[in-house]
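Keep in mind the model is a prediction, meaning the values are calculated, not measured. Both backbone and side-chain heavy atoms feed into the values below; hydrogens, waters and symmetry mates do not.
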Amino acid sequence: QLVESGGGLVQAGGSLRLSCAASGRAFSWYDMGWFRQAPGKERESVAAISGSGGSTYAADSVKGRFTIFRDNAKNTVWLQMNSLKPEDTAVYYCAARRGGPTTLNPNMYDYWGQGTQVTVSS
């Protein structure tokens, strides 16, 4: 089970940190990803991190602004979002997958959280 938290309303230029807590064992076996979906739009990749945390990937739209990191001892992955823009407004989901290379492709992820709303006002 994946449970996201940390969403909310923030002004443009502000920051938020999203958390995703995972239940179960062997959290380090799973690559983790953050994705988002705005109303009327398709689900979009945001960032991904390998099971060890040694490799991270970010979509071009968030590079330099968002950072993904994890603590396997706490079964938690975070998404630090800085310099937020109104176009970052969306429901943010975390997801997990096991096996194969770390990927930003949402179709490769097996387990999904319920999502947390992020709204950035201009």
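Looking only at atom types and distance, the side chain of Tyr92 has a donor-acceptor partner in the side chain of Arg36 under 3.5 Å away.
How far CH2 of Trp78 is from CZ of Phe69: 6.0 Å, rounded to the nearest 0.5 Å. Between the CZ atom in Arg65 and the CG atom in Leu84 there is a gap of 6.5 Å [rounded to 0.5 Å]. With rounding to the nearest 0.5 angstrom, the CG atom of Leu2 is 10.5 Å from the OG1 atom of Thr76. Atom OG of Ser122 is separated from atom CD of Gln11 by 9.5 Å, given to the nearest 0.5 angstrom. For the atom pair CD1 of Ile68 and SG of Cys94, the computed distance is 9.0 Å after rounding to the nearest 0.5 Å. The structure places CG of Leu16 at 4.5 Å from CE of Met81, a figure rounded to the nearest 0.5 Å.
At least one side-chain heavy atom of Trp34 sits less than 4.5 Å from a side-chain heavy atom of Val77. You'll find the side chain of Met108 stays beyond 4.5 Å of the side chain of Asp31, heavy atoms only.
Although no hydrogens or angles enter the test, the distance criterion places a donor-acceptor pair under 3.5 Å between the side chain of Arg70 and the main chain of Phe27. Although no hydrogens or angles enter the test, the distance criterion places no donor-acceptor pair under 3.5 Å between the side chain of Arg17 and the main chain of Ser19. Looking only at distances, no side-chain donor or acceptor of Arg98 sits under 3.5 Å from a matching main-chain atom of Trp29. Using a distance-only test at 3.5 Å, with no hydrogens or angles considered, no donor-acceptor pair links the side chain of Ser50 to the main chain of Thr102. Between the side chain of Glu4 and the backbone N or O of Leu18 there is no donor-acceptor pair closer than 3.5 Å.
For Glu44 against Ser61, the heavy-atom pair with the smallest separation is OE2-OG, 3.4 Å. The shortest non-hydrogen separation linking Gly7 to Val118 is CA-CG2, 4.1 Å. Residue Ala47 comes nearest to Leu79 through the heavy atom pair CB-CD1, 4.2 Å, listed as atom of the first residue, atom of the second, then distance. Shown here for Ser15 and Asn82, the closest heavy-atom pair between the two residues is OG-OD1, 2.9 Å. Contact between Ala12 and Pro86 at its shortest, heavy atoms only, is CB-CD, 4.1 Å. In terms of heavy-atom proximity, Tyr109 sits nearest to Gly33 at CE2-N, 3.6 Å.
Of the charged side-chain nitrogens involved, at least one lies within less than 4.0 Å of a carboxylate oxygen, so that Asp60 and Lys63 count as a salt-bridged pair.
For Gln117, the CD atom is densely surrounded, since the number of other residues' heavy atoms within 6.0 Å is greater than 12.
Placement of Val91 and Trp112 within a single hydrophobic cluster is found when ILVMFWY residues are connected by side-chain heavy-atom separations under 4.5 Å, directly or transitively. Note on Met32: it clusters hydrophobically with Val46, by side-chain heavy-atom contacts below 4.5 Å among ILVMFWY residues.
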